[in-house]
Amino acid sequence: MNGFGLSERKTVVDAELAVAHLVFKVADLKRSCQFYSNLGLPPFAVDEKLAIVELRGGTHLLLFEVGLAGEEVAESLTGQFHERLSERFDLMIKGKGLNELKKYRLELISRGIAAGEIPDESFFGHHLFCVKDPDGNGITIYTSHAF
């Protein structure tokens with residue numbers, strides 16, 4: 001997959017905005033905290049019905065237990081190659097290379113996380129694989145910018 005037909009690539013050096021928070025409603029806060037910890041993203045604050053996970057760059061993932069958040073947990077498909085742009089969010093490892101992604105994937109598998117295969121084709125210059133969190137939220141994990 002080589003993109004959406006974009007002919008020019010522009011790099012934003014100093015964007016005015018950044019993502020502050022992503023909010024997930026989860027069925028079991030403890031189980032979700034363990035899952036994200038196994039990805040390498042341990043929560044830095046956990047309350048009875050809320051956990052806060054800090055991502056690289058200062059973005060926070062807020063995990064609300066369903067009872068506090070309201071509505072039922074929405075269904076999601078896993079990742080780019082199952083249905084384009086169906087994941088709730090994606091993550092990017094520090095490494096740029098395919099070997100670094102393979103190593104990270106194997107580490108996740110050793111921690112009990114079901115990690116999808118790494119496709120032969122890249123997506124906008126990124127190698128990737130997909131996982132699901134305990135609530136079925138699809139997450140695509142990419143190599144860093146390799147342009």
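FYI, side chains are in, hydrogens and waters are out, and symmetry mates aren't considered; it's all heavy atoms of this structure. As the structure is a computational prediction, the values presented were derived from the model and not from experiment.
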What is the distance from atom CD1 of Ile93 to atom CG of Leu39, rounded to the nearest 0.5 Å?
12.5 Å
Looking at Asp135 and Val26, would you say the former's side chain and the latter's main chain have a donor-acceptor pair under 3.5 Å?
no
Give me the atom names and distance for the closest heavy-atom approach of Leu50 to Leu29.
N-CD2, 3.4 Å
Please find the pair of heavy atoms, one from Cys33 and one from Val46, that lie closest to each other, and give the distance.
SG-CG2, 4.4 Å
Is Thr140 close to Phe129 at the side-chain level, that is, under 4.5 Å between some pair of heavy atoms?
no
If you measure from the Lys or Arg side-chain nitrogens to the Asp or Glu carboxylate oxygens, is any gap between Lys96 and Glu100 under 4.0 Å?
no
Gap separating the CD1 atom of Ile113 from the NZ atom of Lys132, nearest 0.5 angstrom:
14.5 Å
Does a side-chain heavy-atom distance below 4.5 Å link Ile139 with Phe35?
yes
Kindly indicate whether the side chain of Leu63, heavy atoms from C-beta on, has any atom under 4.5 Å from the side chain of Ser32.
yes
Has the side chain of Arg105 got a donor or acceptor atom that lies under 3.5 Å from a matching backbone atom of Ile141?
no
Within the structure provided, determine whether His60 and Phe44 are in side-chain contact (heavy-atom separation under 4.5 Å).
yes
Output yes when a side-chain donor or acceptor of Thr59 lies under 3.5 Å from a complementary backbone atom of Leu55, and no otherwise.
no
Going only through I, L, V, M, F, W and Y residues with side-chain contacts under 4.5 Å, is there a path from Ile109 to Val131?
no
Looking only at heavy atoms, what is the nearest atom pair of Thr143 and Met92, with distance?
O-CG, 3.5 Å
Considering only heavy atoms from C-beta outward, does the side chain of Glu65 approach that of Lys25 to under 4.5 Å?
no
Is the shortest heavy-atom distance from the side chain of Val23 to the side chain of Phe64 under 4.5 Å?
yes
Nearest non-hydrogen partners of Lys102 and Ile118, listed with the distance:
CG-CD1, 3.7 Å
Is the shortest heavy-atom distance from the side chain of Asn38 to the side chain of Leu108 under 4.5 Å?
no
Angle class for the His126/Tyr142 ring planes (parallel below 30°, perpendicular above 60°, tilted otherwise)?
perpendicular
With hydrophobic residues grouped by side-chain heavy-atom distances under 4.5 Å, do Tyr104 and Leu98 end up in a single group?
yes
Sequence neighbours excluded, the answer for side chain to side chain donor-acceptor pair (under 3.5 Å) partners of Tyr36 is Asp133
